[in-house]
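Basis for what follows: all heavy atoms, side chains included, without hydrogens, waters or symmetry-related copies.
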Amino acid sequence: MKRSRSPMIFIFVLGLIVILAIVLTIFFMTRPGQRAESTIEQFYLHEQQGKFSDSWELFHSQMKEKFTKGHYIQDRAHVFMNHFGVESFEFVLGDLKKLDQWTMEKGSKPLSPVYQATVIQTYKGKYGLFRLHQDVYVAEEKGEWKILWDYHK
């Protein structure tokens, strides 16, 4: 009696496809650009939920020098939630661009590499519908991607 090898070949090929899919997923999810983009998304998800303490933790140390955690939490809640009369917002993240070198403001330490994306936040509040466009930058610090804003005048 002759045995068919087709089930074994099928299982072997299926196994190779699964392993390849896992390797490709890991590769693409750990790319610096993907991690940088994920950091921006996480920052704005925290902001969207009013978790300003968590979003502040995603700031680069140069940003943390701009304002204390307590001041940031109080100011963000006051301006966006109280003044504008909104409870939350929607946001869209534009295309990510890699910059070879960038500085947050004149005289600050140059950072490299840096990723930049424009974030558009859409608010519906007591003053109607409005959109805030902001370029957001992400640089690696101590193995983690951190948020920066542009302070050039």
Parallel, tilted or perpendicular, judged at 30° and 60°: which one describes the rings of Tyr72 and Phe67?
parallel
For the residue pair Val136 and Phe43, establish whether any side-chain heavy-atom pair is separated by less than 4.5 Å.
-> no
Between Ala117 and Leu93 the two heavy atoms that sit nearest each other are CB-CD1, 3.5 Å
Counting only heavy atoms not in Gln74 (residues, nucleotides, ligands), do more than 12 fall under 6.0 Å from its CD? no
request  = Answer yes or no: are there more than 12 heavy-atom neighbours, outside Asp100 itself, under 6.0 Å from its atom CG?
outcome  = no
Checking Gln49 against Ser88: is there a side-chain donor and acceptor pair closer than 3.5 Å?
no
>> Between Gln62 and Leu148, does the side chain to side chain contact (heavy atoms under 4.5 Å, CB included) criterion hold? Intermediate values first, please.
In response: CA-CA 8 Å; Gln62 290 183 25; Leu148 296 123; 4.1 Å; yes
Problem - Check: Glu47 and Phe89 side chains under 4.5 Å, non-hydrogen atoms - result: yes
Exercise. Would you mind checking if Lys146 and Glu144 are paired as a salt bridge, meaning a charged N to carboxylate O distance below 4.0 Å?
Key: yes
Side-chain heavy atoms nearer than 4.5 Å, only ILVMFWY residues, links allowed to pass through others: does that put Val79 and Ile120 together? no
How are the rings of Tyr151 and Trp149 set relative to one another: parallel (under 30°), tilted (30 to 60°) or perpendicular (over 60°)?
-> tilted
Output for pair (Lys66 NZ, His60 NE2), nearest 0.5 Å, gives 13.5 Å
Would you say Gln134's side chain and Val119's backbone share a donor-acceptor pair under 3.5 angstrom? no
**Q.** Path from Val86 to Leu45 over hydrophobic side-chain contacts below 4.5 Å
**A.** yes
**OP:** Please check if the distance between the ring centroids of Trp145 and Tyr115 is under 6.0 Å.
**Re:** yes
Check: So, Thr122 side chain and Arg131 main chain: donor-acceptor pair closer than 3.5 Å or not?
Finding: no
query = Is there a side-chain contact between Glu90 and Lys124 (heavy atoms, below 4.5 Å)?
reply = no
Rounded to the nearest 0.5 angstrom, the CD1-CZ distance for Ile40 and Phe91 is 10.0 Å
Query raised in the report: Do the non-hydrogen side-chain atoms of Val138 and Ile147 ever get within less than 4.5 Å of each other?
Result: yes
Is there a side chain to side chain contact (heavy atoms under 4.5 Å, CB included) between Arg35 and Glu140? Walk through the geometry before answering. CA-CA 10 Å; Arg35 290 184 18 235; Glu140 197 169 15; 3.3 Å; yes
*Could you check if a side-chain atom of Leu99 sits within less than 4.5 angstrom of a side-chain atom of Tyr137, using non-hydrogen atoms only?*
yes
Closest non-hydrogen contact found for Ala139 with Leu111 is CB-CD1, 4.0 Å
**Message:** Would you say that Lys126 contacts Phe84 through its side chain, given a criterion of any heavy-atom pair below 4.5 Å between the two side chains?
**Reply:** no
**Message:** Hydrophobic clusters here meaning ILVMFWY residues chained together by side-chain heavy-atom distances under 4.5 Å, can you tell me if Leu129 and Leu132 are in one?
**Reply:** no
| request: Using only heavy-atom distances, determine whether the side chains of His152 and Thr103 contain a donor-acceptor pair under 3.5 Å. | output: yes
Review point. Between the main-chain N or O of Phe52 and the side-chain N or O of Ser55, is there a donor-acceptor pair closer than 3.5 Å?
Key: yes
CG (Asp54) and NZ (Lys69) are apart, to the nearest 0.5 Å, by 7.5 Å
When rounded to the nearest 0.5 Å, the distance separating CG of Asp95 from CD of Glu37 is 8.5 Å
Scanning both residues in full, the closest heavy-atom pair of Thr118 with Asp135 reads OG1-OD1, 2.6 Å
Note to self: Check whether Ser108 reaches the backbone of Met104 with its side chain - one donor and one acceptor, N or O, closer than 3.5 Å.
What the structure shows: yes
Check: For Glu141 and Lys64, what are the C-alpha separation, side-chain angles and deciding distance, and is it a salt bridge (Lys or Arg N to Asp or Glu O under 4.0 Å)?
Finding: CA-CA 13 Å; Glu141 183 176 52; Lys64 289 179 178 180; over 6 Å; no
